[in-house]
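Numbering of ligands and ligand atoms starts at 1, following listing order.
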Amino acid sequence: MKIHHIGYLVKDIEKSVPSFEELGYRIETDKVYDPLRDVDIVFMINGGYRIELVSPKSGKSPVYATLKKLGSGPYHICYICDDIDEQAEKMRENGYIPAGETAPAVAMSGKKVCFMFRRQVGLIELVEYEADD
Ligand code: NI
């Protein structure tokens, strides 16, 4: 499956952006607040690599505990699919466990995303892209 981005947890997105710019990333999309997950999100690009900086706004965020435990760092890889329901179902049959509902991602212009977990792989994200997107 094609990779869309690598999700990267950071404590303070404003402070992290210049550090990633030093590493050769440029901002792709300005900061967006996602109320569903209570996180700020900025997408950055470095050549063929896209990262999603994710910063929890409070302890209510589902990624707050992960950041506390692991500190800043990559925590999911997002894969592109053309039918998210079909793909998620296929992965459930292969032993993946859905982590939450499929929902539109405000930071990705409302594209449908879902998270899946499998012990041998860890956390992954699926995003649905039409063929002409
Ligand atoms: Ni993501």
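A distance-only check finds no donor-acceptor pair linking the side chain of S16 to the backbone of V10 [under 3.5 Å].
Applying the ring-ring contact (aromatic ring centres under 6.0 Å, His included) criterion to Y64, with sequence neighbours excluded, gives no partner residue. Not counting sequence neighbours, the partners of Y25 by the ring-ring contact (aromatic ring centres under 6.0 Å, His included) test are F20.
Counting just the N/O/S atoms of E125, the one with the shortest distance to the Ni ion (ligand 1) is named OE1. E52 contributes OE1 as its N, O or S atom closest to the Ni ion (ligand 1).
Of all heavy-atom pairs between S61 and D38, the closest is CB-O, 3.5 Å.
One of the N, O or S atoms belonging to H76 lies under 2.8 Å away from the Ni ion (ligand 1). In summary, an N, O or S atom of H5 is located under 2.8 Å from the Ni ion (ligand 1).
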